[in-house]
Number of protein chains: 2
Amino acid sequence: MAGEALLEELRATLVHGNPERTATLDTTLRFVAEHGLGPQSLPVEIIQLVGDRWSALMLTVLAAGTFRPSELQKVVSLLSHIGNSNSISQRVLTAKLRSYERLGFVRRTAWDTVPPRTDYDLTPLGHELVKIIRDIVLWCLDKEDDVRSAIQAFDESEDE
Amino acid sequence: MAGEALLEELRATLVHGNPERTATLDTTLRFVAEHGLGPQSLPVEIIQLVGDRWSALMLTVLAAGTFRPSELQKVVSLLSHIGNSNSISQRVLTAKLRSYERLGFVRRTAWDTVPPRTDYDLTPLGHELVKIIRDIVLWCLDKEDDVRSAIQAFDESEDE
DNA sequence: CCGAATCCGACGGGATACTG
DNA sequence: CAGTATCCCGTCGGATTCGG
């Protein structure tokens, strides 16, 4: 692959002013070069898809079962009001659902009835994703105190 | 807390047209209501901070050691070119670094020299975060085939 | 070399109205 | 009720310039 020459260039650049950089740097760069964590890579695209205002909440709720869009909107909106946040708009809700569906995280089931009815639920892949999200959330909650004190210290040292 | 009346309202709404929803739904809603996954919550703010174009790459590289901004910019930009992406601008780089620093994920060390020199490296908390990011990335890579075929199937059924 | 300031295009996300 | 289209605004992110 094209990475070898690149890694050599990086090595030359970085060791220049800091000769003691060697092993761990090399393995890390190699990891990134092989897997490609650039903005276009699939991992980053997935992270971006989930890293927005509503996805953590939406997907976590969806993990509880099957929902119609109007139900989901109401549940998500009510739950977000706990934190004094606004409601999710229908526009954003359907857009996110379609994104999840495209990547295979949710399944869409539509009936030809009047009035129309559509159900959304997670695929097995989606359930795996939610499991990861829950791990992240739990870690964040576990570190909440550390982060908050860091924020406070930073902000205080700013407006001195 | 205010959650109890809210949960009752949600229960009434959701069971309405679907009486078999009970246990798992309730525990999930309770989890979300207690931890608050709304847009203002700390977990979601952290997820948003990391869920952008460059954070996965930047933080992974930073896990390899100490970097000066110019070094970091060059490394990140070169590595992103593997995926034919653009370079990260200095503006975004420093902004992201400050965000990370504010939440306690990176440490900034500045010298009073001419020309100036500043070093950035991860805090222990930052290293934990990178570990989580690496788990996500590895999961995404593991599921890459599934996701890509889902995307293909979705896109084909669109432009029928 | 560090990084703040400015300008600008692109996108996310909210409100509303409209079709089936 | 599901879904789309339109309008609008705030933020993200890139390019460039300037000061320390």
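First the proteins, then the strands, lettered A, B, ... as listed; each starts at 1.
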> Rounded to the nearest Å, what distance is computed from the CD atom of residue A/Q48 to the P atom of nucleotide D/dC12?
Replying inline: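 So the CD-P distance, A/Q48 to D/dC12, works out to 13 Å.
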With sequence neighbours left out, what residues match [X] under side chain to side chain contact (heavy atoms under 4.5 Å, CB included)?
| X | result |
| --- | --- |
| B/T24 | none |
| B/A110 | B/R108, B/T118 |
| B/T66 | B/D119, B/D121 |

>> One character per nucleotide, please: for nucleotides 14-20 of chain D, 5' to 3', B when the base has a protein heavy atom closer than 4.0 Å, S when only the sugar-phosphate does, - otherwise.
In response: BB----B
> By a strict heavy-atom criterion of less than 4.0 Å, which residues belonging to residues 56-69 of chain A are in contact with DNA chain C?
Replying inline: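 Contacts with DNA chain C under 4.0 Å: none.
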Can you find a pair of side-chain heavy atoms, one from [X] and one from [Y], that are under 4.5 Å apart?
| X | Y | result |
| --- | --- | --- |
| B/E4 | B/R30 | yes |
| A/L79 | B/L10 | yes |
| A/Y120 | A/L72 | no |

> Earliest and latest nucleotide of DNA chain C, 5' to 3', sitting under 4.0 Å from a non-hydrogen atom of chain A?
Replying inline: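 Listing 5' to 3', DNA chain C meets chain A from C/dG13 to C/dG20.
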Table please: side-chain donor-acceptor pairs of residues 124-132 of chain B below 3.5 Å, with sequence neighbours left out.
| unit_1 | atom_1 | unit_2 | atom_2 | d |
| --- | --- | --- | --- | --- |
| B/H127 | ND1 | B/T123 | O | 3.3 |
| B/E128 | OE1 | A/W139 | NE1 | 2.8 |

>> Please tell me if A/T118 has a side-chain N or O lying less than 4.0 Å from either OP1 or OP2 of D/dC1.
In response: no
> Under 4.0 Å between a side-chain N or O of A/Y120 and OP1 or OP2 of D/dC1?
Replying inline: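 False: A/Y120 side-chain N/O out of range (4.0 Å or more) of D/dC1 OP1/OP2.
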> Mind checking what makes side chain to side chain donor-acceptor pair (under 3.5 Å) contact with B/D26, not counting sequence neighbours?
Replying inline: B/R11
> With sequence neighbours excluded, what pairs up with A/E9 under the salt bridge (Lys or Arg N to Asp or Glu O under 4.0 Å) test?
Replying inline: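 For A/E9, no residue satisfies salt bridge (Lys or Arg N to Asp or Glu O under 4.0 Å) once neighbours in sequence are set aside.
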>> To the nearest 0.5 Å, what is the distance between CG on B/D52 and CG on A/D52?
In response: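 Rounded to the nearest 0.5 Å, the CG-CG separation comes to 12.5 Å.
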> Which residues in residues 107-114 of chain A have at least one heavy atom lying under 4.0 Å from any atom of DNA chain D?
Replying inline: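 Residues of residues 107-114 of chain A that come under 4.0 Å of DNA chain D are, in numerical order, A/R108.
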> What pairs meet the side chain to side chain donor-acceptor pair (under 3.5 Å) rule with one or both residues in residues 86-95 of chain B, with sequence neighbours excluded?
Replying inline: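 Of all non-adjacent pairs touching residues 86-95 of chain B, those that pass side chain to side chain donor-acceptor pair (under 3.5 Å) are B/H81-B/S87.
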In a table with atom names and distances, give each donor-acceptor pair under 3.5 Å that connects a side chain of residues 40-50 of chain A to protein atoms at least two apart or in another chain.
| unit_1 | atom_1 | unit_2 | atom_2 | d |
| --- | --- | --- | --- | --- |
| A/S41 | OG | A/G36 | O | 3.1 |
| A/S41 | OG | A/G38 | O | 2.7 |

